[in-house]
Amino acid sequence: MTAIEEATPIQHVSPRRRLTDLVVRVLVYLAFAIAVVPLVAVLWMVISNGLARFDIEFLTHSMRNIGARDAGGGAYHAILGTLEQVALSSLISVPIGLLTAIYLVEYGRGTRLARSISFFVDVMTGVPSVVAGLFILAFWILALGMPFSGFAGALALSILMMPTVVRAAEEMLRLVPADLREAAYALGVPKWRTILKVVLPTALTGIVTGVMLAIARVAGETAPLLLTVFFTDSINEDPFNGPQMGLPLYVFDQAARPTDTAIDRAWAGALTLILIVMLLNLAARLIAWWRSPARSR
Amino acid sequence: MSKQITVSGLDAYYGSHKAIEDVSMTIEPRSVTAFIGPSGCGKSTFLRTLNRMHEVIPGARVEGKVLLDGVDLYGSGVEPVSVRRSIGMVFQRPNPFPTMSIYENVAAGLRLNRRMPRSQTDEVVEESLRGANLWNEVKDRLNKPGAGLSGGQQQRLCIARAIAVKPQVLLMDEPCSALDPISTLAIEDLITKLKQEYTIVIVTHNMQQAARISDRTAFFNLAAQGQPGKVIEMDVTTRMFTSPSEKATEDYITGRFG
Ligand SMILES: Nc1ncnc2c1ncn2[C@@H]1O[C@H](COP(=O)(O)OP(=O)(O)O)[C@@H](O)[C@H]1O
Ligand SMILES: [Mg+2]
């Protein structure tokens, strides 16, 4: 009884709690600022340095016949290469990753096969990117005798992309309430159609976001490309034959050259890469928004 | 449309745990049959064995017979999917498909199973929504998401979705337990109307509700925690509520336990 009587009067916040509140508040803002500084710094550096050469010529020309000290030249061959390599690796790893996730969540729950797949996906997540490149170099190019090509690079990238896609899709599929599956079964909808028409659409937004993150991750990979795509200064539109270029390779190559014009090209290449990833993200947002049920509300 | 269900010697398991034992009963067509009993005695489990939804849970299995107008639902060669098309189900919590509009929700059972011309789908959607007493409330916003409706409306939407596939039996697992009294009344009215056409089985925790809407009532109970649930008594509702023949039934109905 006395405890209740003591607690009843409405009190002002004590100075001690005010102080604690202030300290924690400052700490949280500080942590946020520290986290944001590198992001802003990177963006600022890339934009301010990259704009110097970010022009029409840069976007439409390759480095063919550009001498070591010449100005001009561009990254068209590298942009084309990156787009083709990333598109190919997505074509390989998104279907496989998505189907794996569907198996893990919808069919394989608790089975030994599912557990071992899960284990190997975890192992794959930890594979360093250079090892993925080495593997394709040893297996695809040296053992099977295939040429250096954009496709070989895409294979290496898809090794890196697949586990990310599996994990992201798996997470999203698990978030779909069992209620919805049961509601569909109770209408006499077969399991595979339930997955296709109810489970996947419900998880779509999250899966698209996950796939975009995976793409963003591999788009900037340099090491595996170095070993599989090789280098070229010319435009190679065929991703299945002959050395290609990629934006990360381009940046790597230009930044290593001693002239200021090359350094400027490297910055412009980095800016292009960031813009491509941002555009992809924007596209993903649009897809998510377009499919979202809240749109018509 | 409406069919009789005859259950004999039915046991249901979750893995090695026997949840219900030796249930036998007849469920009459064009009537409402209510299941009452304390929590955990296997009412939901039994209800889900009637349209083969029980086996959806990993490790769950059923022994015994369920006859729908003489056809054994657990006979060899019977497709669970087709069983569920003729025996619809409404769940405790309203569960409209979140990615679909009101219209698409009602049409889901039709569209997910086969192609159907738009005009015919329109017709079925309107008919089902009218059947579920929801048409007047939603006819101007059929293209809005089903999740935007109130709880009671969502539950009627789920009923409309279930009757759109024209089942012969409708199973309802505590359909009003998440709803306010007004919505509950709306659903009860609806059930009374639907029994003209369907065989209805409803699980309820609400004695008054069972008394108001059901024709026959089955009382489920279990001997002790961990023991399988059993049907203690089944009778015409009025008789069950006025002069039950078992002591346990009387205790439960008068609120002495459970
Ligand atoms: N998914 C499940 N897995 C394992 N056991 C379950 C599951 N669902 C219910 N049970 C068990 O089956 C018994 C009956 O449960 P249920 O049919 O839900 O009872 P009621 O609907 O009468 O409250 C309970 O002992 C419960 O613990
Ligand atoms: Mg229950």
Side-chain angles (χ1 to χ4, degrees), chain A residues 98 102-115 118 169-170 172-209 284-297, chain B residues 47-48 50-59 79-114 141-149 157-158 161-167 170-173:
Chain A
L98 197 55
I102 289 175
Y103 173 76
L104 288 178
V105 177
E106 305 288 336
Y107 291 95
R109 250 189 219 203
T111 62
R112 181 173 297 184
L113 180 60
R115 274 201 303 276
S118 233
E170 196 186 349
M172 290 305 137
L173 292 176
R174 280 196 206 286
L175 282 182
V176 176
D179 278 16
L180 294 181
R181 298 186 179 88
E182 295 212 331
Y185 297 153
L187 290 170
V189 181
K191 184 164 181 167
W192 66 272
R193 275 202 89 100
T194 302
I195 293 169
L196 209 63
K197 298 282 184 171
V198 175
V199 178
L200 282 180
T202 308
L204 183 79
T205 316
I207 293 177
V208 169
T209 309
R285 287 288 140 109
L286 279 178
I287 293 176
W289 170 82
W290 172 62
R291 289 289 311 173
S292 116
R295 180 172 54 109
S296 45
R297 202 166 288 170
Chain B
L47 195 73
R48 290 164 60 95
L50 298 182
N51 67 341
R52 297 196 63 169
M53 282 293 286
H54 180 62
E55 64 207 54
V56 166
I57 296 165
E79 263 267 36
V81 167
S82 71
V83 170
R84 293 178 202 140
R85 267 175 225 168
S86 24
I87 306 183
M89 186 159 206
V90 175
F91 297 82
Q92 185 165 358
R93 268 196 306 154
N95 52 3
F97 298 123
T99 53
M100 299 184 192
S101 67
I102 293 172
Y103 181 99
E104 288 165 337
N105 260 286
V106 180
L110 306 170
R111 288 215 180 139
L112 294 183
N113 285 323
R114 58 182 173 273
R141 47 171 169 156
L142 290 176
N143 292 319
K144 299 277 154 84
L149 298 173
L157 179 64
C158 292
R161 181 174 70 184
I163 60 181
V165 288
K166 307 238 185 316
L170 205 53
L171 309 175
M172 299 186 177
D173 193 352

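Below, chains carry the letters A, B, ... as their sequence lines are ordered, and counting in each starts from 1. Worth knowing before you read on, the calculation uses all heavy atoms, side chains too, and leaves out hydrogens, waters and symmetry mates.
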What part of A/A178 is in contact with chain B, defined as an atom under 4.5 angstrom from a non-hydrogen atom: side chain, backbone, both or neither?
neither
Measuring from B/R84:CZ to A/E182:CD, what's the distance to the nearest 0.5 Å?
9.5 Å
Give, as side chain, backbone, both or neither, the part of B/I87 having an atom under 4.5 angstrom from any heavy atom of chain A.
backbone
Measure the CZ-CG distance between B/F97 and A/D179 for me, rounded to the nearest 0.5 Å.
10.5 Å
Side chain, backbone, both or neither: which part of B/R161 has a heavy atom under 4.5 Å from chain A?
both
More than 12 foreign heavy atoms under 6.0 Å from NZ of A/K197: is that the case here?
no
Hey, could you give me the CG/CZ distance between A/L180 and B/F91, rounded to the nearest 0.5 Å?
10.0 Å
Taking all atoms of both residues into account, what is the closest heavy-atom pair of B/A162 and A/L187, and its distance?
CA-CD2, 4.1 Å
Are there more than 12 heavy atoms of other residues, nucleotides or ligands under 6.0 Å from atom CZ of B/R93?
no
So, the part of B/P96 with a heavy atom under 4.5 Å from chain A: the answer is backbone
Determine whether a donor-acceptor pair (N or O, by modelled atom type, separation under 3.5 Å) exists between the side chain of B/R85 and the backbone of A/G188.
yes
Determine whether more than 12 heavy atoms belonging to other residues, nucleotides or ligands lie under 6.0 Å from atom CZ of A/R174.
yes
Chain B interface, residue from A/G110, A/P201, A/A186 that has the most non-hydrogen pairs under 4.5 Å:
A/A186
Do A/T202 and B/P98 make a side-chain contact, defined as non-hydrogen atoms from C-beta onward lying under 4.5 Å apart?
yes
Non-hydrogen atoms of B/N95 and A/A183 that approach each other most closely
ND2-CB, 3.4 Å
